[in-house]
Amino acid sequence: MDQETLGSVVLLAIVTLISVIQNAFFASKLEHESKHCNGKGIQRPGSSAFERVYTANQNCGHTYPTFLAVLWCAGLLCSQAPAAFAGLMYLFVRQKYFVGYLGERTQSTPGYLFGKRIILFLFLMSVAGILNYYLIYFFGSDFEIHIKTITSAISPLLLIP
């Protein structure tokens, strides 16, 4: 792979690898709680603490494929840096959701809502990249610079809860 191609995906790859580490952390928390409850392998023992860890892990796992899809689509089709920034924000929010869910379920709600907003942002970036491709293809109009400027300007607004 040449340096230019590698440079256009390296931030996305870093965010993806960080998300893998985060998934391993979630799995280790689940395993630890399972062993703490009954001293055996992973089972659904029915304790309140285990149920919270198990549910939080399942919820994070269900949204993970969607996150990866929109992260890579937004980064490849629109702009890598804002997509990677949004991806890091999503991982932070997902961590906050997971830890919040371990306390009381109501503590996880802000993380859940914030995560949905980040996924929407990445989805809209992907759609903008696709629309720009077809504008170039059919009409010869390239709005890539404008789209990158807008997404770079909007991405810091993701920090506002």
Side-chain angles (χ1 to χ4, degrees), residues 6-130 147-161:
L6 186 60
S8 66
V9 298
V10 70
L11 295 177
L12 301 174
I14 290 169
V15 172
T16 302
L17 292 175
I18 292 170
S19 73
V20 169
I21 293 168
Q22 187 180 51
N23 282 341
F25 169 75
F26 293 161
S28 71
K29 291 295 273 185
L30 179 64
E31 181 181 8
H32 177 266
E33 194 60 43
S34 175
K35 287 181 180 178
H36 183 270
C37 288
N38 65 357
K40 298 178 185 172
I42 294 181
Q43 297 178 9
R44 298 206 43 174
S47 78
S48 174
F50 178 80
E51 288 298 322
R52 285 195 305 270
V53 172
Y54 180 81
T55 303
N57 186 50
Q58 289 294 101
N59 291 347
C60 289
H62 289 157
T63 59
Y64 188 62
T66 303
F67 162 69
L68 285 181
V70 295
L71 172 72
W72 279 87
C73 286
L76 293 175
L77 299 172
C78 192
S79 183
Q80 178 186 201
F85 175 75
L88 285 175
M89 290 304 304
Y90 180 79
L91 295 178
F92 174 76
V93 167
R94 193 167 76 151
Q95 184 74 26
K96 186 173 177 64
Y97 169 82
F98 188 85
V99 171
Y101 208 95
L102 300 183
E104 289 188 29
R105 290 186 177 122
T106 56
Q107 294 175 347
S108 66
T109 303
Y112 172 75
L113 296 174
F114 200 37
K116 280 180 32 179
R117 188 170 71 183
I118 294 171
I119 293 289
L120 176 64
F121 174 74
L122 290 169
F123 175 77
L124 292 175
M125 281 182 66
S126 301
V127 169
I130 291 169
I147 292 171
K148 285 185 177 186
T149 302
I150 290 169
T151 56
S152 295
I154 291 175
S155 63
L157 297 177
L158 293 173
L159 294 172
I160 299 171

What donor-acceptor contacts under 3.5 angstrom involve side-chain atoms of residues 66-73, with partners at least two apart or in another chain?
unit_1: Trp72; atom_1: NE1; unit_2: Thr16; atom_2: OG1; d: 2.9

Residue pair [X] / [Y], side-chain donor-acceptor N/O under 3.5 Å:
| X | Y | value |
| --- | --- | --- |
| Tyr101 | Thr55 | no |
| Thr63 | Tyr90 | yes |
| Arg94 | Asn59 | no |

Candidate pair Phe121 and Met89, rule side chain to side chain contact (heavy atoms under 4.5 Å, CB included), full reasoning: CA-CA 11 Å; Phe121 174 74; Met89 290 304 304; over 6 Å; no
Using a 3.5 Å distance criterion without hydrogens, assess whether the side chain of Gln80 forms a donor-acceptor pair with backbone atoms of Gly7. yes
N/O donor-acceptor pair under 3.5 Å between Ser152 side chain and Thr149 backbone: no
Check against side chain to side chain contact (heavy atoms under 4.5 Å, CB included), Asn57 and Phe98: CA-CA 7 Å; Asn57 186 50; Phe98 188 85; 4.2 Å; yes
Rounded to the nearest 0.5 Å, what's the gap from [atom1] on [X] to [atom2] on [Y]? Could you check?
| X | Y | atom1 | atom2 | value |
| --- | --- | --- | --- | --- |
| Cys78 | Ile130 | SG | CD1 | 10.0 Å |
| Gln22 | Phe92 | CD | CZ | 11.0 Å |
| Met125 | Ile154 | CE | CD1 | 9.5 Å |
| Ile150 | Ser79 | CD1 | OG | 11.5 Å |
| Phe26 | Cys60 | CZ | SG | 4.5 Å |
| Gln58 | Leu30 | CD | CG | 8.0 Å |

Kindly write out the residues that satisfy side-chain contact (heavy atoms from CB on, under 4.5 Å) with Lys96, not counting sequence neighbours, or none if the list is empty.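 side-chain contact (heavy atoms from CB on, under 4.5 Å) check on Lys96 returns nothing, list empty.
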Of the non-hydrogen atoms in Ala83 and Leu12, which two are nearest, and what is the gap between them?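 Here Ala83 and Leu12 meet closest at CB-CD2, 4.2 Å.
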Distance-minimising heavy-atom pair for Ala128 and Ile147: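 Looking at all heavy atoms of both residues, the closest pair is O-CD1, 3.6 Å.
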Passes side chain to side chain contact (heavy atoms under 4.5 Å, CB included), Val20 versus Tyr64? Steps please. CA-CA 10 Å; Val20 169; Tyr64 188 62; 3.8 Å; yes
Could you please spell out the steps behind the side chain to side chain contact (heavy atoms under 4.5 Å, CB included) verdict for Lys29 and Glu33? CA-CA 6 Å; Lys29 291 295 273 185; Glu33 194 60 43; over 6 Å; no
Taking ring-ring contact (aromatic ring centres under 6.0 Å, His included) as the definition, give me every residue that meets it alongside Tyr112, ordered by chain and number, with sequence neighbours left out.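 Per chain and number, Tyr112 pairs via ring-ring contact (aromatic ring centres under 6.0 Å, His included) with no residue.
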